[in-house]
Amino acid sequence: DKGGWPSFMAKEISEEPDAVANTLRGRIDADGQVVIPELNGLDELFVDINRVVVIACGTAAYAGQTAKYALEKWAGIPVDVELSHEFRYREPVITPQTLVVSISQSGETMDTLMAVKYASEKGAKTLSICNTQGATIPRESDAVVYTHAGPEVAVASTKAFVAQITALYLFALHLARVRGTQSAEVLAEQSAELLAVPAKIATILEESGVVEELARWMSDSRAVLFLGRHVGFPIALEGALKLKELAYIHAEGFAAGELKHGPIALIEPGQPVFVVVPSPRGSAMLHSKVVSNIQEIRARGAKIIAIAEEGDAAVLPFADTVIRIPLAAPLFEPLLAVIPLQIFAMELAIAKGLDVDQPRNLAKSVTVE
Ligand code: BG6
């Protein structure tokens with residue numbers, strides 16, 4: 001039931017504040033400490049590990065790539081993110097000190113399931129981040145943290161993605177506490193940031209008119225590029241994936257720092273480029289480097305669409321369009337910056353007359369290898 005929305009995707013985007021809030025519910029106590037009831041009594045899975053390997057496919061893999069930054073920063077543990085189908089056909093170094101975290105909305109993706117089984121056989125500890133109660137992947141894992149996004153029907157994932165990042169951040173804070181890598185005060189500051197996310201997403205949804213208009217003007221684009229840096233990098237990849245999946249437009253995401261090592265050759269007059277701009281309050285240096293990237297491509301004729309926090313005036317002289325997101329601590333910006341990119345891809349697909357819920361050639365859950 002689309003509940004009065006024109007598509008499941010539009011409905012699911014509107015549910016993103018709830019997807020995050022419901023994933024947080026009951027998991028942060030009155031002192032701001034993360035308490036995940038499903039992980040009670042399972043500390044022994046996490047105390048002796050020396051490495052985390054995240055496995056997933058598609059959008060779920062980008063949620064993993066986003067959470068890598070928080071896991072490393074808060075829990076002080078090395079994190080590698082791998083595509084499930086690449087992981088299993090190498091000889092990955094997996095030991096009983098490896099924690100393999102799988103991410104899957106459906107909990108049935110065959111490539112991810114087989115990678116989890118492989119990791120278990122090698123003696124790894126396994127944790128599933130899953131949106132579907134009782135699905136196969138959580139049943140095959142030592143532990144599970146469910147996302148509570150509610151059923152996701154549209155093939156292209158939206159609300160499950162923000163719920164996955166939320167659950168991974170909760171897990172990163174849990175791991176930091178178990179491993180003693182952060183003070184209770186730091187942990188409480190991060191959980192307060194998480195609790196503030198749903199209202200910020202709601203603000204972006206209310207102000208999506210700029211993005212809708214942009215999608216209509218850009219409906220005949222042949223190629224769109226996305227740049228991001230740090231946690232904005234996986235968001236650039238996800239923005240490009242959404243556009244490919246929904247609007248069948250050739251789209252590529254790049255790490256902004258990589259621009260001069262190749263992708264800048266693609267820039268010609270009129271080339272649209274989305275740039276996820278990091279907050280100047282996080283790292284002034286990263287911010288100014290991304291602003292310089294914008295200047296470099298603008299000088300070569302690119303049309304710049306900047307996604308930047310409220311009040312960031314440095315982008316104004318160079319951007320053709322600025323999409324604003326509310327202020328958040330840097331690690332939390334992905335949960336905001338991805339929303340306009342999802343809406344953009346959906347609106348552009350609608351402008352092209354495409355079915356946004358059932359894109360051609362794709363299935364919601366791929367249960368074959
Ligand atoms: C793809 C879906 O086939 O599988 C994507 O089209 C999804 O939207 C990916 O991100 C992974 O699916 P799951 O269920 O394992 O998260």
Side-chain angles (χ1 to χ4, degrees), residues 23-56 60 63-82 84 87-88 91-104 107 112-148 163-188 190-191 194 331:
T23 299
L24 294 174
R25 181 157 302 127
R27 289 165 165 177
I28 296 175
D29 72 13
D31 300 323
Q33 300 304 303
V34 168
V35 179
I36 303 178
E38 299 104 301
L39 301 183
N40 271 348
L42 295 180
D43 284 3
E44 96 277 6
L45 290 176
F46 309 123
V47 281
D48 280 340
I49 55 172
N50 56 21
R51 182 169 167 241
V52 173
V53 177
V54 177
I55 50 174
Q65 254 182 272
T66 306
K68 169 185 165 94
Y69 298 79
L71 273 160
E72 289 185 339
K73 184 174 165 94
W74 297 336
I77 192 160
V79 179
D80 292 305
V81 184
E82 303 237 19
S84 314
F87 171 77
R88 200 159 66 93
E91 290 189 26
V93 180
I94 298 297
T95 71
Q97 282 72 49
T98 308
L99 173 68
V100 170
V101 177
S102 65
I103 310 169
S104 176
T112 303
L113 173 62
M114 296 313 279
V116 170
K117 287 188 172 171
Y118 177 87
S120 291
E121 281 161 20
K122 295 276 175 188
K125 314 286 190 294
T126 55
L127 169 71
S128 157
I129 306 291
C130 183
N131 196 46
T132 311
Q133 293 283 327
T136 311
I137 294 171
R139 283 194 276 112
E140 289 287 336
S141 303
D142 297 322
V144 55
V145 175
Y146 282 107
T147 49
H148 295 294
Q164 284 160 349
I165 296 174
T166 302
L168 287 159
Y169 280 21
L170 284 171
F171 176 67
L173 295 172
H174 176 84
L175 195 60
R177 186 177 52 73
V178 171
R179 294 167 56 83
T181 50
Q182 301 294 335
S183 67
E185 195 187 349
V186 168
L187 296 175
Q190 310 311 320
S191 60
L194 272 178
L331 286 173

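Because the structure is a prediction, the values reported are computed rather than measured.
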Taking [Y]'s backbone N and O only, do any of them form a donor-acceptor pair with [X]'s side chain (distance below 3.5 Å, no angle check)?
X	Y	value
Gln33	Ala184	yes
Tyr169	Leu331	yes
Gln182	Leu173	no
Asp48	Gln97	no
Asp29	Asp31	yes
Thr112	Ala56	no

Mind running side chain to side chain contact (heavy atoms under 4.5 Å, CB included) on Phe87 and Ile94 for me, showing each step along the way?
CA-CA 11 Å; Phe87 171 77; Ile94 298 297; 3.7 Å; yes

Please tabulate, for side-chain N and O atoms in residues 38-47, each donor-acceptor pair with protein atoms closer than 3.5 Å (sequence neighbours left out).
residue: Glu38; atom: OE1; partner: Arg27; partner atom: NH2; Å: 3.4
residue: Glu38; atom: OE2; partner: Arg27; partner atom: NH2; Å: 2.6
residue: Glu38; atom: OE2; partner: Tyr146; partner atom: N; Å: 3.4

[X] versus [Y], closest heavy-atom pair with distance:
X	Y	result
Val54	Gly64	CG1-CA, 3.9 Å
Ala63	Leu168	O-CD1, 3.8 Å
Thr23	Leu170	O-CD1, 3.5 Å
Cys130	Ala135	SG-CB, 4.2 Å

Check: [Y] and [X] side chains under 4.5 Å, non-hydrogen atoms:
X	Y	result
Val52	Phe171	no
Val34	Arg177	no
Ser104	Ile137	yes

Output the distance between atom [atom1] ([X]) and atom [atom2] ([Y]), rounded to the nearest 0.5 Å.
X	Y	atom1	atom2	result
His148	Thr166	NE2	OG1	11.5 Å
Ile28	Leu194	CD1	CG	5.5 Å
Leu175	Thr181	CG	OG1	7.0 Å
Asn131	Ile103	CG	CD1	12.5 Å
Leu127	Asp142	CG	CG	9.0 Å
Ser84	Leu113	OG	CG	9.5 Å

Please enumerate all residues that pass salt bridge (Lys or Arg N to Asp or Glu O under 4.0 Å) together with Lys125, with sequence neighbours excluded.
none

Hits for salt bridge (Lys or Arg N to Asp or Glu O under 4.0 Å) against Arg139, two or more places apart or cross-chain, chain-then-number order -> none

All side-chain hydrogen bond (donor to acceptor under 3.5 Å, both in side chains) counterparts of [X], not counting sequence neighbours:
X	result
Ser102	none
Arg179	none
Glu82	Arg90

Mind running side chain to side chain contact (heavy atoms under 4.5 Å, CB included) on Glu140 and Thr126 for me, showing each step along the way?
CA-CA 8 Å; Glu140 289 287 336; Thr126 55; over 6 Å; no

So among Val100, Val101, Val144, Val116, which one has a side chain to side chain contact (heavy atoms under 4.5 Å, CB included) with Ser128?
Val144

